[in-house]
Amino acid sequence: MPFASLFFFSCAEINNEHVAEKPNIIIIYADDLGYGDLGSYGAIGVNTPALDSLAQHGIKFTDAHCTAATCTPSRYSLLTGSYAFRNNAEVLPGNSPLLIDPDKGTLPAMLKEAGYKTAVVGKWHLGLGNRELDWNEAIKPGPLEVGFDYSFIIPATGDRVPCVFVENYHVVSLSKDDPIQVSYDGPIGDGPTGTSNPELLKQQADPQHSETIINGVSRIGYMTGGHSAWWKDEDFADILTEKAESFIAGNKDNPFFLFFSFHDIHVPRIPHERFVGQSKMGPRGDAIVQMDWCVKQIMKSLDTFKLSSNTLVIFTSDNGPVLDDGYADRSVELLGQHQPGGPFRGGKYSAFEAGTRVPTIVHWPEKVKAKVSDALLSQVDLYASIASIVDGKIGAEDAPDSFDFSKAWLGKSDTGRSTMLEESVATLALRDGQWKYIREVPNVENYPVWVKDIKAIEHGVSTEAQLYNLTNDPHEQHNLAEKYPERAKEMRATIQEIEKRATRPGWANE
Ligand code: NG6
Ligand code: CA
């Protein structure tokens, strides 16, 4: 071999070694984004060029799911590899204690042990502190106790108090002279509420969202004090993106894991003025445009530091779409032909398919070839799959429901799960290939009140068991439970087995 080629050969080898370094990992988690809400998934009335480019150059999944049709349960499963029902995880009030057990393994803790710097930026909604949390003192346990090195969070949701950011252990910009207090038991202080002063509101709200007014928006729950720390909804995207970018910049020389958990497109939808009117669908569409901008900024940051090729970016959502979720933002009136759930029935909260089937894109230029994958996948498996990718360790007691489907997540295989659990607010459902079974709920009176109140979404719960064949009937119209009683019985039994199972039986497909 001539000397020159030898030289280039060894450079290539060095390069390959460089590539073999652990990838950076970014999970971008949109809130309430439906299967049909991106251009690449058929959106009408809104453009999402940054995400469409990721989908075009990465893997666009057509049958990937969050574990549950609401936020807290899905986030819980993503970070713990455990189904939410095992810990009775439901949508949490803004003053709930930390839901994740700091003594158990988590996705970020596993990555930290594998040599990663870890951060969460954005919506948390997994509880903070203990029962009697004082927001003026150190707020713990929280993200830092469950594996994150850095956190900058919206504690619960945009529509719940407290309406302040928490960075690591402290409320950002809080003044000692004006302590903050939070209550979900009843009014505190003498500040205006949506009910007492609707004339102060930027967006009218339903009675459940008509408590303390912060930044001209009434919220769920009461808070008083802490004025210097109050957030402005219009600045969410800029502030969170800036925090995510500085985390990337500060960790450009070492492997990092960033859980970038968007506020968008959850209610209240109050995008920055530069995004107002950028879609044809009013605030909900404009929030999608804003969200796409955040993704563009993150990808730009990666480019700036030449990190794009060895960064695994996973973009997805925590539950299906909702239009009217309590605020008069005209999302129903301005919808036009757009189908937030794509071809699927239901949406946020629902046991029907649109509850958990969400846009899911994997982008990793170094390792992943562009394709569309129909593999059946669940976010509960990201823990074990990412562990497999980075050679991370999972304790015997940890991540009981998480399995290694890294080959499918990285597009090397089109075979995902054979069966997959779907959680929703009032029941459990199971996919077995193209079959979908929704377990009956014995007594309609036992549904949580707010399930019955859900506006315009078919929650999918019934006193009858439901069985659908999604190949012929993607919109879950024809219940085949009576026609195929054996199949229905088997799928019911599989749900029961999963419920009874205590620890991860192995690394095989379940
Ligand atoms: C519901 C809220 C809804 C939203 C949801 C949580 C009412 C009537 N509705 O309870 O506005 O905040 O909780 O959304 O209170 S999630 O995306 O965080 O799951
Ligand atoms: Ca959500």
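Everything numeric in this text was worked out from a predicted model, so none of it was measured. As the structure lists them, so they are numbered: ligands from 1, and atoms in each ligand from 1. Basis for what follows: all heavy atoms, side chains included, without hydrogens, waters or symmetry-related copies.
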*Asks:* Considering distance alone, does some N or O of Thr72 sit under 3.5 Å from an N or O of ligand 1?
*Replies:* no
*Asks:* Under a 3.5 Å cutoff, is there a donor and acceptor pairing between the side chains of Thr80 and Arg86?
*Replies:* no
*Asks:* Could you tell me if Asp185 and Ser183 have a donor-acceptor pair between their side chains, going purely by distance under 3.5 Å?
*Replies:* no
*Asks:* Of the backbone and side-chain N, O or S atoms of Ser317, does one lie nearer to the Ca ion (ligand 2) than 3.0 Å?
*Replies:* no
*Asks:* Looking at Asp318, which of its N, O or S atoms is the nearest one to the Ca ion (ligand 2)?
*Replies:* OD2
*Asks:* Does the N or O separation between Lys348 and ligand 1 drop below 3.5 Å for any pair?
*Replies:* yes
*Asks:* Between Tyr29 and Gln379, do the side chains contain an N or O donor and an N or O acceptor separated by less than 3.5 Å?
*Replies:* yes
*Asks:* Could you tell me which atoms of ligand 1, counted from 1 in the order shown, lie closer than 4.0 angstrom to a heavy atom of Val91?
*Replies:* 6 (C), 13 (O), 19 (O)
*Asks:* Within a radius of less than 6.0 Å around NZ of Lys104, do more than 12 heavy atoms belonging to other residues, nucleotides or ligands occur?
*Replies:* no
*Asks:* Would you check the N or O atoms of Asp206, main chain and side chain alike, for any that come under 3.5 Å of an N or O of ligand 1?
*Replies:* no
*Asks:* N/O to N/O below 3.5 Å, does that happen between Gln208 and ligand 1?
*Replies:* no
*Asks:* Indicate, as side chain, backbone, both or neither, the part of Ile220 found under 4.0 angstrom from ligand 1 when only non-hydrogen atoms are considered.
*Replies:* side chain
*Asks:* What about Cys71: any of its N or O atoms under 3.5 Å from an N or O on ligand 1?
*Replies:* yes
*Asks:* Below a 4.0 angstrom heavy-atom separation, can you tell me which part of Asp159, side chain or backbone, both or neither, approaches ligand 1?
*Replies:* side chain
*Asks:* Provide the atom name of the closest N, O or S atom of Asp31 relative to the Ca ion (ligand 2).
*Replies:* OD1
*Asks:* What residues form a side chain to side chain contact (heavy atoms under 4.5 Å, CB included) with Ser424, not counting sequence neighbours?
*Replies:* Ala69, Ala351, Thr427
*Asks:* For a quick test of reading the model, state the closest non-hydrogen atom pair linking Ile214 to Arg219 and the distance between them.
*Replies:* O-NH2, 2.7 Å
*Asks:* Examine His209 together with Tyr327 and report whether their ring centres are nearer than 6.0 Å.
*Replies:* yes
*Asks:* Between Val295, Leu38, Ile28, which is the residue that forms a side-chain contact (heavy atoms from CB on, under 4.5 Å) with Ile361?
*Replies:* Leu38
*Asks:* So which N/O/S atom does Asp32 have closest to the Ca ion (ligand 2)?
*Replies:* OD1
*Asks:* With atoms numbered from 1 as shown, which atoms in ligand 1 lie under 4.0 angstrom from a non-hydrogen atom of His125?
*Replies:* 18 (O)
*Asks:* Report, in ascending order of atom number, the atoms of ligand 1 lying under 4.0 Å from any heavy atom of Asp325.
*Replies:* 3 (C), 4 (C), 11 (O)
*Asks:* For atom CD of Glu167, decide whether the heavy atoms of other residues, nucleotides or ligands shown that lie under 6.0 angstrom number more than 12.
*Replies:* yes
*Asks:* Which is it for Arg75 and ligand 1 at heavy atoms under 4.0 Å: side chain, backbone, both or neither?
*Replies:* neither
*Asks:* For atom 1 (C) of ligand 1, state which one of Glu90, His209, Arg160, Arg219 supplies the nearest heavy atom.
*Replies:* Arg160
*Asks:* For the residue pair Thr70 and Asn319, confirm or rule out a side-chain donor-acceptor distance under 3.5 Å.
*Replies:* no
*Asks:* State the atoms of ligand 1, each with its element, that fall below the 4.0 Å cut-off from a heavy-atom position in Asp31.
*Replies:* 17 (O)
*Asks:* Identify the residue among Tyr41, Tyr35, Tyr468 that makes a ring pair (Phe, Tyr, Trp, His ring centres under 6.0 Å) with Phe344.
*Replies:* Tyr35
*Asks:* I'd like to check whether Thr157 has a polar contact with ligand 1, where a contact means an N/O of the residue lying under 3.5 Å from an N/O of the ligand.
*Replies:* no
*Asks:* Identify the residue among Gln290, Gln297, Lys243, Arg274 that makes a side-chain contact (heavy atoms from CB on, under 4.5 Å) with Asp238.
*Replies:* Arg274
*Asks:* Taking atom types as modelled and ignoring hydrogens, do the side chains of Asp264 and His266 form a donor-acceptor contact shorter than 3.5 angstrom?
*Replies:* no
*Asks:* Of the backbone atoms (N, CA, C, O) and the side-chain heavy atoms from C-beta on, which set of Tyr327 has a member under 4.0 Å from an atom of ligand 1: side chain, backbone, both, or neither?
*Replies:* neither
*Asks:* Show which atoms of ligand 1 fall inside a sub-4.0 Å distance from at least one heavy-atom site of Lys123.
*Replies:* 16 (S), 17 (O), 18 (O)
*Asks:* Show the atoms of ligand 1 that are less than 4.0 angstrom away from any heavy atom in Tyr349.
*Replies:* 1 (C), 3 (C), 4 (C), 5 (C)
